[in-house]
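These numbers come from the heavy atoms of this one structure, side chains and all, not from hydrogens, waters or symmetry mates. All ligand and atom numbering here is 1-based and tracks the order in the structure. In this text the structure is predicted, and so the values were computed from the model without any measurement.
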Amino acid sequence: MLTETERFVLEPEAIERLARYGVPYPRHALVRSAQEAAAAAESIGFPVVMKIVSPAVVHKSDVGGVLVGLRDAGAVGAGYERIVDTVRKVVPGASIEGVLVCEQAAEGVEVIIGVTDDSVFGATIMFGLGGVFAEVLNDVSFRVLPLKHVDAEEIISESKGFAVLSGLRGKPRVDLDALVHLLLSVSDFVVEEGDVKELDLNPVRVYEQGVLVLDVRLIARPAPGLSRMGSCSVKT
Ligand code: ADP
Ligand code: MG
């Protein structure tokens, strides 16, 4: 629940802010009509994923706000209408900023990275393997920010699911250097920006080469001297 001064930063703005710190997200465009959606998908390349962008929607799939695997312009145009109609029905009165059309990322090993502002320790980062590891086994690790290189390496290797990252049953080892680099970039972002109340990157896909963040949820609080364009205030 947001307090009056906290704001949910819309995903396109959050992606842009993180990109300045080298955090990679698939190619994307914010569109406001079925026609624009189809044109954006043509230039991004198929298949694409579509996601609702609304200050009233924090968990997009819960309200029918995500479509994956759209393979042609017709499907994308129809997908735009479907997402907007569904979200309007499920969240009556939601203001809708548009739909994000994203390049569909290849399959990979999924991890999650979170940041919360702990009242005792300050900004704290969480890392875990995605799926059952984090959600069912609660196999996650925490460190206080800022992270040093060795902290980033440890937070990854101490997880019980580490075997999945380091090459299990003939599967290739994923790009652990890129993952360490991502954790350090997130640490820099949080420490330097100074307005992060909560950040969730879920999922992040890790490949044999490189990583991609597929979902960003950022809650910001006012930072003295920083004015941010394009964000929105949410009162609860
Ligand atoms: P939510 O707000 O529901 O968490 P996400 O942005 O995480 O929304 O999207 C839901 C799911 O859709 C993700 O967990 C992932 O499996 C898939 N997904 C999202 N974006 C992409 C993408 N660019 N490429 C491939 N799959 C994606
Ligand atoms: Mg998500």
Side-chain angles (χ1 to χ4, degrees), residues 1-2 7-19 23-31 37-38 40-72 75-76 79-80 82-84 86-91 94-116 125-136 140 161 164 174 178 182 186 196 198-220 232 234:
M1 185 108 352
L2 297 176
R7 65 204 169 89
F8 170 50
V9 179
L10 293 176
E11 194 163 8
E13 186 197 349
I15 292 164
E16 196 185 303
R17 287 183 58 183
L18 279 159
V23 172
Y25 191 93
R27 274 159 33 92
H28 59 279
L30 178 64
V31 300
E42 297 275 11
S43 92
I44 287 168
F46 295 98
V48 294
V49 172
M50 299 176 77
K51 310 183 186 194
I52 195 73
V53 178
S54 163
V57 177
V58 177
H59 297 290
K60 301 172 289 289
S61 342
D62 292 357
V63 298
V66 179
L67 294 176
V68 301
L70 300 156
R71 302 200 165 270
D72 56 50
V76 170
Y80 181 93
R82 197 165 123 211
I83 284 196
V84 169
T86 310
V87 173
R88 285 225 164 93
K89 271 194 205 110
V90 181
V91 193
S95 91
I96 292 175
E97 296 286 321
V99 167
L100 200 61
V101 178
C102 307
E103 181 174 21
Q104 181 161 310
E107 297 299 316
V109 179
E110 292 196 345
V111 301
I112 58 180
I113 295 173
V115 175
T116 48
I125 195 164
M126 181 271 285
F127 171 84
L129 268 283
V132 291
F133 285 100
E135 281 151 31
V136 182
V140 292
V164 176
V174 300
L182 174 63
V186 170
V196 176
E198 266 176 57
L199 176 66
D200 271 311
L201 309 180
N202 181 11
V204 174
R205 283 204 185 145
V206 195
Y207 299 104
E208 270 179 80
Q209 278 192 347
V211 292
L212 272 178
V213 171
L214 299 193
D215 180 26
V216 177
R217 188 176 70 85
L218 172 61
I219 311 279
C232 56
V234 180

What protein heavy atom sits nearest [atom], and how far away is it?
| atom | result |
| --- | --- |
| atom 8 (O) of ligand 1 | Lys60 CE, 3.4 Å |
| atom 3 (O) of ligand 1 | Ser61 OG, 2.3 Å |
| atom 27 (C) of ligand 1 | Leu214 CD1, 3.8 Å |
| atom 22 (C) of ligand 1 | Val49 CG2, 3.6 Å |
| atom 7 (O) of ligand 1 | Asp215 OD2, 2.9 Å |
| atom 17 (C) of ligand 1 | Val68 CG1, 4.1 Å |
| atom 24 (N) of ligand 1 | Ala105 N, 2.8 Å |
| atom 14 (O) of ligand 1 | Pro203 CD, 3.4 Å |

On a heavy-atom basis, which atom in [X] and which in [Y] lie closest, and how many Å separate them?
| X | Y | value |
| --- | --- | --- |
| Leu214 | Ala105 | CD2-CB, 3.6 Å |
| Val57 | Val63 | CG1-CG2, 3.6 Å |
| Pro12 | Leu100 | CG-CD1, 4.0 Å |
| Val140 | Gly128 | CG1-CA, 4.1 Å |

I need the atoms of ligand 1 closer than 4.0 Å to a non-hydrogen atom of [X], numbered in the order shown.
| X | result |
| --- | --- |
| Gln104 | 24 (N), 25 (C) |
| Glu103 | 22 (C), 23 (N), 24 (N) |
| His59 | 2 (O) |
| Asn202 | 7 (O) |
| Lys51 | 6 (O), 19 (C), 20 (N) |

Under 4.0 Å, counting heavy atoms only: does Glu11 come that close to any atom of ligand 1? no
With Val109, the side chain to side chain contact (heavy atoms under 4.5 Å, CB included) member among Val204, Val174, Val211: Val174
State, yes or no, whether a side-chain contact exists between Val68 and Pro47 at a heavy-atom distance under 4.5 Å. no
Which protein N, O or S atoms lie under 2.8 Å from the Mg ion (ligand 2)? Asn202 O, Asp215 OD2
What residue pairs, at least two apart or across chains, pass salt bridge (charged side-chain N to carboxylate O under 4.0 Å, His left out) with a residue in residues 208-219? Lys60-Asp215, Glu198-Arg217, Asp200-Arg217
Suppose the criterion is side-chain hydrogen bond (donor to acceptor under 3.5 Å, both in side chains): which pairs have a residue in residues 98-112, not counting sequence neighbours? Glu110-Arg205
Pairs satisfying side-chain hydrogen bond (donor to acceptor under 3.5 Å, both in side chains), at least one member in residues 50-59, at least two apart: Tyr25-Lys51
Atom 11 (C) of ligand 1 protein-contacted, heavy-atom criterion under 4.0 angstrom: no
Specify side chain, backbone, both or neither for Met50, according to which of its non-hydrogen atoms lie closer than 4.0 Å to ligand 1. neither
